[in-house]
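Order of appearance sets the numbers: ligands from 1, and atoms from 1 within every ligand. As a basis for the values below, the full set of heavy atoms in this structure was taken, side chains included, without hydrogen atoms, waters or symmetry mates. Note that the structure is predicted; figures quoted are calculated from it, not measured.
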Amino acid sequence: MNDKTHQEFSFNGDDFERVRKKLYRKAGISLSDNKDALVYSRLARRLRALSLQSFDEYLTYLKRTPAEEEHFINALTTNLTSFFREPHHFTALAHYLRAHPGEKTIWCAASSTGEEPYSIAMTVAEVYDSFDNPVAIIASDIDSQVLEKAQTGIYREDTTKNLSAQQCQRFLHRGKGTQNGRVRVVPELRKNVTFRRINLTDTSWPIRGPIDIIFCRNVMIYFDKQTQISILKRMINLLPDDGLYFAGHSENFNHNQDIVLPAGKTLYRPARHRRRYG
Ligand SMILES: C[S@@+](CC[C@H](N)C(=O)[O-])C[C@H]1O[C@@H](n2cnc3c(N)ncnc32)[C@H](O)[C@@H]1O
(Lines give C-alpha, C1' and ligand atoms only; values in the text may rest on other atoms or scores of the structure.)
Protein backbone atom coordinates (compact mmCIF):
# COMPACT_ATOMS: atom_id res chain seq x y z
CA MET A 1 0.00 0.00 0.00
CA ASN A 2 1.02 3.61 -0.57
CA ASP A 3 1.94 5.95 2.26
CA LYS A 4 -1.31 7.02 3.92
CA THR A 5 0.05 9.37 6.60
CA HIS A 6 -1.67 12.43 5.14
CA GLN A 7 -5.04 10.84 4.71
CA GLU A 8 -8.20 11.97 6.42
CA PHE A 9 -9.00 8.49 7.78
CA SER A 10 -6.62 5.84 9.00
CA PHE A 11 -6.51 2.95 6.54
CA ASN A 12 -3.97 0.12 6.61
CA GLY A 13 -3.25 -3.11 4.77
CA ASP A 14 -5.33 -5.11 7.21
CA ASP A 15 -8.36 -2.85 6.60
CA PHE A 16 -7.92 -3.28 2.85
CA GLU A 17 -7.81 -7.08 3.25
CA ARG A 18 -11.01 -7.02 5.31
CA VAL A 19 -12.79 -4.91 2.69
CA ARG A 20 -11.56 -7.20 -0.06
CA LYS A 21 -12.76 -10.37 1.67
CA LYS A 22 -16.15 -8.88 2.52
CA LEU A 23 -16.73 -7.62 -1.02
CA TYR A 24 -15.79 -11.01 -2.46
CA ARG A 25 -18.10 -12.81 -0.04
CA LYS A 26 -21.05 -10.50 -0.60
CA ALA A 27 -20.79 -9.64 -4.31
CA GLY A 28 -18.23 -12.01 -5.82
CA ILE A 29 -16.11 -9.02 -6.78
CA SER A 30 -12.35 -9.73 -6.73
CA LEU A 31 -10.23 -6.64 -6.12
CA SER A 32 -6.59 -6.77 -7.16
CA ASP A 33 -3.76 -5.74 -4.80
CA ASN A 34 -3.47 -2.26 -6.32
CA LYS A 35 -7.07 -1.24 -5.66
CA ASP A 36 -6.39 0.18 -2.17
CA ALA A 37 -6.66 3.80 -3.31
CA LEU A 38 -9.97 3.04 -5.02
CA VAL A 39 -11.33 1.41 -1.86
CA TYR A 40 -10.18 4.37 0.21
CA SER A 41 -11.79 7.00 -2.00
CA ARG A 42 -15.04 5.11 -2.51
CA LEU A 43 -15.58 4.32 1.17
CA ALA A 44 -14.28 7.61 2.58
CA ARG A 45 -17.68 9.10 1.68
CA ARG A 46 -19.41 6.54 3.89
CA LEU A 47 -17.06 7.26 6.79
CA ARG A 48 -17.76 10.98 6.43
CA ALA A 49 -21.52 10.41 6.24
CA LEU A 50 -21.36 8.27 9.40
CA SER A 51 -18.89 10.60 11.21
CA LEU A 52 -16.40 7.78 11.73
CA GLN A 53 -12.67 8.34 12.18
CA SER A 54 -11.06 5.20 10.78
CA PHE A 55 -11.63 2.25 8.47
CA ASP A 56 -11.30 -0.03 11.47
CA GLU A 57 -14.30 1.72 13.06
CA TYR A 58 -16.19 1.51 9.78
CA LEU A 59 -15.55 -2.21 9.40
CA THR A 60 -16.76 -2.83 12.95
CA TYR A 61 -19.86 -0.76 12.20
CA LEU A 62 -20.41 -2.73 8.98
CA LYS A 63 -20.21 -6.02 10.85
CA ARG A 64 -22.80 -4.89 13.40
CA THR A 65 -25.16 -3.13 10.98
CA PRO A 66 -26.61 -5.34 8.25
CA ALA A 67 -28.26 -2.33 6.58
CA GLU A 68 -24.82 -0.85 5.87
CA GLU A 69 -23.99 -3.76 3.58
CA GLU A 70 -26.04 -2.26 0.76
CA HIS A 71 -24.16 1.08 1.00
CA PHE A 72 -20.85 -0.81 1.15
CA ILE A 73 -21.64 -2.70 -2.05
CA ASN A 74 -23.08 0.37 -3.80
CA ALA A 75 -19.89 2.30 -2.99
CA LEU A 76 -17.58 -0.35 -4.40
CA THR A 77 -19.27 -1.31 -7.66
CA THR A 78 -18.08 0.26 -10.90
CA ASN A 79 -21.06 1.35 -12.96
CA LEU A 80 -19.59 2.63 -16.22
CA THR A 81 -22.08 2.19 -19.06
CA SER A 82 -23.56 4.04 -22.04
CA PHE A 83 -26.40 3.96 -24.52
CA PHE A 84 -25.77 1.51 -27.38
CA ARG A 85 -22.40 0.47 -25.97
CA GLU A 86 -20.87 -2.11 -28.33
CA PRO A 87 -23.41 -1.23 -31.03
CA HIS A 88 -22.94 -4.47 -33.03
CA HIS A 89 -24.86 -6.24 -30.24
CA PHE A 90 -27.99 -4.20 -30.95
CA THR A 91 -27.76 -5.01 -34.64
CA ALA A 92 -27.52 -8.70 -33.70
CA LEU A 93 -30.47 -8.33 -31.31
CA ALA A 94 -32.66 -6.73 -34.00
CA HIS A 95 -31.69 -9.48 -36.43
CA TYR A 96 -32.58 -12.18 -33.87
CA LEU A 97 -35.95 -10.62 -33.04
CA ARG A 98 -36.88 -10.40 -36.73
CA ALA A 99 -35.91 -14.04 -37.27
CA HIS A 100 -37.74 -15.20 -34.09
CA PRO A 101 -40.95 -13.17 -33.81
CA GLY A 102 -43.33 -13.63 -30.90
CA GLU A 103 -43.16 -13.60 -27.11
CA LYS A 104 -39.65 -13.22 -25.81
CA THR A 105 -38.01 -12.44 -22.50
CA ILE A 106 -34.72 -10.58 -22.33
CA TRP A 107 -32.69 -10.36 -19.13
CA CYS A 108 -30.16 -7.57 -18.85
CA ALA A 109 -28.22 -8.87 -15.87
CA ALA A 110 -25.95 -6.00 -14.79
CA SER A 111 -27.93 -3.07 -16.06
CA SER A 112 -26.23 -0.31 -14.07
CA THR A 113 -27.94 3.08 -14.51
CA GLY A 114 -30.27 1.84 -17.26
CA GLU A 115 -28.71 2.96 -20.53
CA GLU A 116 -28.24 -0.67 -21.59
CA PRO A 117 -31.80 -1.98 -20.97
CA TYR A 118 -33.27 1.19 -22.51
CA SER A 119 -31.08 0.64 -25.59
CA ILE A 120 -32.51 -2.89 -25.72
CA ALA A 121 -36.06 -1.52 -25.35
CA MET A 122 -35.44 1.02 -28.14
CA THR A 123 -34.18 -1.74 -30.43
CA VAL A 124 -37.26 -3.85 -29.68
CA ALA A 125 -39.62 -0.89 -30.28
CA GLU A 126 -37.91 -0.26 -33.63
CA VAL A 127 -38.17 -3.90 -34.71
CA TYR A 128 -41.90 -3.98 -33.86
CA ASP A 129 -42.42 -0.34 -34.79
CA SER A 130 -44.41 -0.18 -31.56
CA PHE A 131 -44.02 0.16 -27.80
CA ASP A 132 -46.78 -2.39 -27.52
CA ASN A 133 -44.81 -5.51 -28.37
CA PRO A 134 -44.47 -9.09 -27.08
CA VAL A 135 -40.98 -8.66 -25.62
CA ALA A 136 -40.52 -8.45 -21.85
CA ILE A 137 -37.31 -6.89 -20.57
CA ILE A 138 -36.01 -7.56 -17.07
CA ALA A 139 -33.09 -5.42 -15.95
CA SER A 140 -31.17 -6.14 -12.76
CA ASP A 141 -28.15 -5.06 -10.81
CA ILE A 142 -26.75 -5.58 -7.33
CA ASP A 143 -26.42 -1.83 -6.76
CA SER A 144 -29.67 -0.32 -5.43
CA GLN A 145 -28.54 3.23 -6.17
CA VAL A 146 -28.01 2.67 -9.89
CA LEU A 147 -31.34 0.87 -10.08
CA GLU A 148 -33.05 3.91 -8.60
CA LYS A 149 -31.43 6.16 -11.17
CA ALA A 150 -32.34 3.74 -13.95
CA GLN A 151 -35.98 3.80 -12.95
CA THR A 152 -36.18 7.58 -13.23
CA GLY A 153 -34.90 7.31 -16.83
CA ILE A 154 -33.29 10.75 -16.53
CA TYR A 155 -29.89 11.32 -18.16
CA ARG A 156 -27.58 14.15 -19.10
CA GLU A 157 -28.23 15.09 -22.70
CA ASP A 158 -24.57 14.59 -23.64
CA THR A 159 -24.83 10.87 -22.81
CA THR A 160 -27.20 10.36 -25.73
CA LYS A 161 -24.73 11.00 -28.55
CA ASN A 162 -24.96 7.38 -29.74
CA LEU A 163 -28.65 7.82 -30.52
CA SER A 164 -29.78 9.02 -33.94
CA ALA A 165 -31.86 12.21 -34.18
CA GLN A 166 -34.85 10.04 -34.92
CA GLN A 167 -34.27 7.88 -31.84
CA CYS A 168 -33.90 11.01 -29.67
CA GLN A 169 -37.17 12.32 -30.98
CA ARG A 170 -39.05 9.08 -30.53
CA PHE A 171 -37.62 7.81 -27.25
CA LEU A 172 -36.59 10.87 -25.22
CA HIS A 173 -38.23 13.96 -23.81
CA ARG A 174 -36.05 17.04 -23.51
CA GLY A 175 -35.97 18.63 -20.06
CA LYS A 176 -37.02 22.25 -19.63
CA GLY A 177 -36.34 24.85 -16.96
CA THR A 178 -34.49 23.21 -14.04
CA GLN A 179 -34.21 20.06 -16.18
CA ASN A 180 -32.46 21.88 -18.99
CA GLY A 181 -29.56 19.78 -20.37
CA ARG A 182 -31.28 16.57 -19.32
CA VAL A 183 -33.48 14.11 -21.15
CA ARG A 184 -35.99 11.59 -19.89
CA VAL A 185 -36.83 8.26 -21.47
CA VAL A 186 -40.48 8.38 -22.58
CA PRO A 187 -42.92 6.58 -20.24
CA GLU A 188 -44.02 4.13 -22.97
CA LEU A 189 -40.45 2.83 -23.13
CA ARG A 190 -39.85 2.94 -19.35
CA LYS A 191 -42.85 0.72 -18.79
CA ASN A 192 -41.32 -1.92 -21.06
CA VAL A 193 -38.44 -2.50 -18.61
CA THR A 194 -38.85 -4.08 -15.16
CA PHE A 195 -36.00 -3.36 -12.76
CA ARG A 196 -35.04 -5.69 -9.90
CA ARG A 197 -32.15 -6.01 -7.49
CA ILE A 198 -30.37 -9.29 -8.22
CA ASN A 199 -26.97 -10.37 -6.94
CA LEU A 200 -25.55 -12.69 -9.59
CA THR A 201 -23.52 -14.56 -6.98
CA ASP A 202 -26.62 -15.44 -4.92
CA THR A 203 -27.35 -19.17 -4.99
CA SER A 204 -30.78 -18.56 -6.49
CA TRP A 205 -32.11 -15.76 -8.65
CA PRO A 206 -35.69 -14.48 -8.35
CA ILE A 207 -36.15 -15.01 -12.05
CA ARG A 208 -38.02 -17.69 -13.91
CA GLY A 209 -36.91 -19.22 -17.18
CA PRO A 210 -37.10 -19.59 -20.02
CA ILE A 211 -35.20 -16.45 -20.80
CA ASP A 212 -34.59 -16.10 -24.53
CA ILE A 213 -31.77 -13.59 -24.46
CA ILE A 214 -29.30 -12.65 -21.76
CA PHE A 215 -27.18 -9.52 -21.79
CA CYS A 216 -24.47 -10.01 -19.18
CA ARG A 217 -21.92 -7.47 -20.27
CA ASN A 218 -18.91 -6.02 -18.51
CA VAL A 219 -19.64 -7.54 -15.13
CA MET A 220 -17.96 -10.96 -15.35
CA ILE A 221 -14.60 -9.14 -15.50
CA TYR A 222 -15.03 -8.31 -11.81
CA PHE A 223 -15.40 -12.00 -10.87
CA ASP A 224 -12.76 -14.73 -10.67
CA LYS A 225 -12.85 -17.48 -13.30
CA GLN A 226 -14.60 -20.00 -11.07
CA THR A 227 -17.42 -17.52 -10.29
CA GLN A 228 -17.67 -16.56 -13.97
CA ILE A 229 -18.08 -20.16 -15.09
CA SER A 230 -20.61 -20.95 -12.40
CA ILE A 231 -22.76 -17.92 -13.37
CA LEU A 232 -22.36 -18.64 -17.09
CA LYS A 233 -23.57 -22.23 -16.63
CA ARG A 234 -26.59 -21.13 -14.62
CA MET A 235 -27.50 -18.50 -17.19
CA ILE A 236 -27.12 -20.90 -20.10
CA ASN A 237 -29.46 -23.29 -18.30
CA LEU A 238 -32.16 -20.61 -18.56
CA LEU A 239 -31.79 -20.26 -22.34
CA PRO A 240 -33.55 -22.33 -25.01
CA ASP A 241 -31.43 -23.98 -27.72
CA ASP A 242 -31.77 -20.94 -29.96
CA GLY A 243 -31.20 -18.42 -27.15
CA LEU A 244 -28.40 -15.85 -27.13
CA TYR A 245 -25.88 -14.72 -24.53
CA PHE A 246 -24.30 -11.29 -25.06
CA ALA A 247 -20.93 -10.84 -23.30
CA GLY A 248 -18.87 -7.70 -22.70
CA HIS A 249 -16.07 -6.68 -25.07
CA SER A 250 -13.32 -8.16 -22.89
CA GLU A 251 -15.23 -11.26 -21.77
CA ASN A 252 -14.21 -14.26 -23.78
CA PHE A 253 -15.79 -17.69 -23.45
CA ASN A 254 -14.33 -19.19 -26.63
CA HIS A 255 -12.50 -21.71 -24.45
CA ASN A 256 -15.70 -22.89 -22.78
CA GLN A 257 -17.27 -24.68 -25.72
CA ASP A 258 -18.78 -27.30 -23.46
CA ILE A 259 -21.05 -24.47 -22.25
CA VAL A 260 -21.35 -21.97 -25.11
CA LEU A 261 -20.48 -21.71 -28.76
CA PRO A 262 -19.48 -18.47 -30.48
CA ALA A 263 -22.34 -16.91 -32.45
CA GLY A 264 -20.72 -13.59 -33.38
CA LYS A 265 -18.50 -10.95 -31.82
CA THR A 266 -18.71 -11.55 -28.02
CA LEU A 267 -21.99 -13.28 -28.72
CA TYR A 268 -22.71 -16.88 -27.73
CA ARG A 269 -25.39 -19.53 -27.95
CA PRO A 270 -25.83 -22.60 -25.75
CA ALA A 271 -23.50 -25.45 -26.73
CA ARG A 272 -25.33 -27.68 -29.18
CA HIS A 273 -25.43 -30.81 -27.07
CA ARG A 274 -27.23 -28.80 -24.37
CA ARG A 275 -25.61 -30.39 -21.41
CA ARG A 276 -27.60 -29.56 -18.27
CA TYR A 277 -25.65 -28.13 -15.38
CA GLY A 278 -26.41 -28.73 -11.74
C1 LIG B 1 -19.30 -1.77 -15.60
S2 LIG B 1 -21.00 -1.95 -15.24
C3 LIG B 1 -21.62 -2.64 -16.74
C4 LIG B 1 -22.96 -2.08 -17.11
C5 LIG B 1 -23.54 -2.60 -18.42
N6 LIG B 1 -23.79 -4.02 -18.38
C7 LIG B 1 -22.65 -2.27 -19.59
O8 LIG B 1 -22.00 -3.16 -20.14
O9 LIG B 1 -22.59 -1.09 -19.98
C10 LIG B 1 -20.98 -3.36 -14.13
C11 LIG B 1 -22.27 -3.50 -13.31
O12 LIG B 1 -22.25 -4.78 -12.66
C13 LIG B 1 -22.86 -4.64 -11.40
N14 LIG B 1 -22.46 -5.77 -10.53
C15 LIG B 1 -21.26 -5.97 -9.93
N16 LIG B 1 -21.30 -7.08 -9.18
C17 LIG B 1 -22.54 -7.60 -9.33
C18 LIG B 1 -23.18 -8.76 -8.82
N19 LIG B 1 -22.57 -9.60 -7.99
N20 LIG B 1 -24.48 -9.00 -9.19
C21 LIG B 1 -25.12 -8.15 -10.03
N22 LIG B 1 -24.56 -7.04 -10.55
C23 LIG B 1 -23.28 -6.77 -10.21
C24 LIG B 1 -22.38 -3.28 -10.92
O25 LIG B 1 -23.21 -2.76 -9.91
C26 LIG B 1 -22.39 -2.46 -12.20
O27 LIG B 1 -23.58 -1.72 -12.34
Side-chain angles (χ1 to χ4, degrees), residues 19-32 35 38-39 42-43 69-90 92-93 106-123 137-153 155-156 159-163 185 193-207 211 213-235 238 244-253 265-268:
V19 169
R20 213 148 69 145
K21 281 201 181 112
K22 179 109 184 164
L23 187 64
Y24 182 74
R25 234 183 12 255
K26 296 293 170 185
I29 297 173
S30 295
L31 291 178
S32 51
K35 293 287 192 236
L38 177 132
V39 164
R42 298 274 188 88
L43 288 177
E69 222 168 65
E70 189 172 321
H71 295 290
F72 172 80
I73 292 172
N74 288 356
L76 292 170
T77 53
T78 296
N79 309 115
L80 184 76
T81 187
S82 58
F83 284 104
F84 292 99
R85 184 179 192 183
E86 297 160 57
H88 59 276
H89 279 168
F90 298 91
L93 172 64
I106 301 176
W107 179 21
C108 178
S111 56
S112 189
T113 39
E115 290 87 333
E116 183 179 40
Y118 288 131
S119 303
I120 295 170
M122 290 176 199
T123 306
I137 302 167
I138 302 162
S140 68
D141 202 283
I142 194 175
D143 183 333
S144 57
Q145 221 170 354
V146 294
L147 286 168
E148 246 174 64
K149 179 176 164 57
Q151 275 163 300
T152 69
Y155 300 96
R156 283 197 335 266
T159 67
T160 63
K161 56 184 184 312
N162 291 344
L163 273 71
V185 173
V193 183
T194 307
F195 288 95
R196 339 213 7 200
R197 183 167 186 244
I198 298 179
N199 179 352
L200 294 177
T201 60
D202 277 353
T203 46
S204 73
W205 299 322
I207 206 160
I211 304 288
I213 295 174
I214 295 177
F215 276 70
C216 184
R217 307 190 309 165
N218 306 303
V219 60
M220 290 288 211
I221 41 167
Y222 299 103
F223 304 147
D224 58 23
K225 199 68 196 171
Q226 192 189 335
T227 308
Q228 291 184 12
I229 296 305
S230 148
I231 292 172
L232 181 69
K233 285 178 178 174
R234 289 169 63 201
M235 286 187 164
L238 293 171
L244 285 180
Y245 176 96
F246 290 81
H249 60 276
S250 53
E251 294 159 343
N252 188 327
F253 298 110
K265 193 171 160 195
T266 50
L267 179 56
Y268 297 91

Any chance the side chains of [X] and [Y] put a donor and an acceptor closer than 3.5 Å?
X: E115; Y: T113; value: yes
X: S111; Y: R217; value: no
X: N218; Y: E86; value: yes

By number and element, which atoms of ligand 1 are closer than 4.0 Å to a non-hydrogen atom of [X]?
X: I198; result: 20 (N), 21 (C)
X: S112; result: 4 (C), 27 (O)
X: R217; result: 3 (C), 5 (C), 6 (N), 7 (C), 8 (O)
X: L80; result: 1 (C), 2 (S), 3 (C), 4 (C), 9 (O)

Within-cut-off N or O pair, [X] and ligand 1, under 3.5 Å:
X: Y222; result: no
X: S111; result: no
X: G28; result: no
X: N79; result: yes
X: R85; result: yes
X: V146; result: no
X: D143; result: no
X: I29; result: no

Mind checking whether T77 contacts ligand 1 via backbone (N, CA, C, O), side chain (CB onward), both or neither, at a 4.0 Å heavy-atom cut-off?
side chain
Tell me the protein heavy atom at minimum distance from [atom], and give that distance in Å.
atom: atom 20 (N) of ligand 1; value: L200 N, 2.9 Å
atom: atom 12 (O) of ligand 1; value: V219 CG2, 3.3 Å
atom: atom 9 (O) of ligand 1; value: T81 OG1, 2.6 Å
atom: atom 8 (O) of ligand 1; value: N218 ND2, 2.7 Å
atom: atom 22 (N) of ligand 1; value: I142 N, 3.4 Å
atom: atom 24 (C) of ligand 1; value: D141 OD1, 3.5 Å

Does ligand 1 have an atom under 4.0 Å from some heavy atom of F215?
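Not so, F215 does not reach ligand 1.
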Value rounded to 0.5 Å, distance of CZ in F83 from CG in N162:
9.5 Å
With rounding to the nearest 0.5 Å, note down the distance linking CD1 in I214 to CD1 in I138.
9.5 Å
[X] side chain near [Y] side chain, heavy-atom distance below 4.5 Å:
X: Y155; Y: K149; result: yes
X: I198; Y: W107; result: yes
X: R20; Y: K35; result: no
X: L93; Y: I213; result: yes
X: T227; Y: T201; result: yes

Only heavy atoms count here, so choose which of A247, A110, C216, S144 is nearest to atom 4 (C) of ligand 1.
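The residue whose heavy atom sits nearest atom 4 (C) of ligand 1 is A110.
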Can you confirm whether more than 12 heavy atoms, excluding those of E251, are under 6.0 Å from its CD atom?
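Enclosed.
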Describe, in one word, how the ring planes of F215 and F246 are oriented to each other, choosing from parallel (under 30°), tilted (30 to 60°) and perpendicular (over 60°).
parallel
Would you find a donor on one side and an acceptor on the other, under 3.5 Å apart, between the side chain of N74 and the backbone of S144?
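Answer holds: yes.
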